[in-house]
Amino acid sequence: MKEVIIFISGMFLMFLIYQALDQREHREEEENYSITKLSEGTEETCVTKKDLRIFQVLSPEYALADFQEKDNRGLMMDTTVLLVNQDEHPTPHYDNENVKIPKGKCAKRIGTLKYKTKMGEFKTVPAVTIK
């Protein structure tokens with residue numbers, strides 16, 4: 001009987017340690033990015049009308065995406081944006097999803113995102129929503 005109590009106590013302790021580590025990891029993920037909305041009265045500008053490719057989903061409302069455009073030398077380059085889903089009931093995105101921008105709409109800048117990459121670098125990119 002004593003062995004059973006020791007076993008159950010050990011399993012319970014392992015569960016508590018796992019929960020504490022999991023909470024710490026989620027807290028660190030939240031600290032790795034911050035979103036700043038445009039100030040009141042600032043005009044939302046169109047960033048692109050091209051389709052976006054999601055490469056990392058941060059939450060149901062936020063996903064990092066990129067699109068290709070030519071630079072001033074005519075070379076193709078990827079531009080990264082934070083796609084913000086402002087729908088009341090957002091459809092979750094997934095990695096490698098291609099998001100089509102409907103005709104007559106574009107990805108409008110509504111703010112910026114500062115985030116920490118997996119390599120430890122900080123990046124700042126436009127936060128956009130499709131309007």
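Numbers for residues simply follow the sequence, beginning at 1.
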Applying salt bridge (charged side-chain N to carboxylate O under 4.0 Å, His left out) as the test, list every pair that has at least one member in residues 93-104; sequence neighbours left out. D51-K100
Which value, rounded to the nearest 0.5 Å, describes the distance between [X] atom [atom1] and [Y] atom [atom2]?
{"X": "S9", "Y": "M14", "atom1": "OG", "atom2": "CE", "answer": "13.0 Å"}
{"X": "K37", "Y": "R109", "atom1": "NZ", "atom2": "CZ", "answer": "12.0 Å"}
{"X": "L82", "Y": "E61", "atom1": "CG", "atom2": "CD", "answer": "11.0 Å"}
{"X": "T79", "Y": "K50", "atom1": "OG1", "atom2": "NZ", "answer": "8.5 Å"}

Kindly give the cluster partners of L52, where membership spreads through any ILVMFWY side chain lying under 4.5 Å from a current member. V47, I54, V57, F67, V81, L83, V99, I101, V128, I130
Tell me whether F55 is reachable from I35 by hopping between hydrophobic residues (I, L, V, M, F, W, Y) whose side-chain heavy atoms are closer than 4.5 Å. yes
Do the charged groups of K131 and E44 touch, with an N to O distance under 4.0 Å? yes
So do the side chains of [X] and [Y] get within less than 4.5 Å of each other, counting heavy atoms only?
{"X": "Y115", "Y": "L58", "answer": "no"}
{"X": "T80", "Y": "K123", "answer": "no"}
{"X": "T48", "Y": "E69", "answer": "no"}

Greater than 12 external heavy atoms within 6.0 Å of M11's CE: no
NZ/K49: more than 12 non-hydrogen atoms of other groups inside 6.0 Å: no
Would you sort out whether T36 and K114 count as a side chain to side chain contact (heavy atoms under 4.5 Å, CB included), showing the intermediate values? CA-CA 8 Å; T36 305; K114 183 176 182 178; over 6 Å; no
Per side chain to side chain contact (heavy atoms under 4.5 Å, CB included), R53 is matched among D78, N96, L64 by N96
Under the 3.5 angstrom rule, does the side chain of T129 hit a backbone N or O of V84 as a donor-acceptor pair? yes
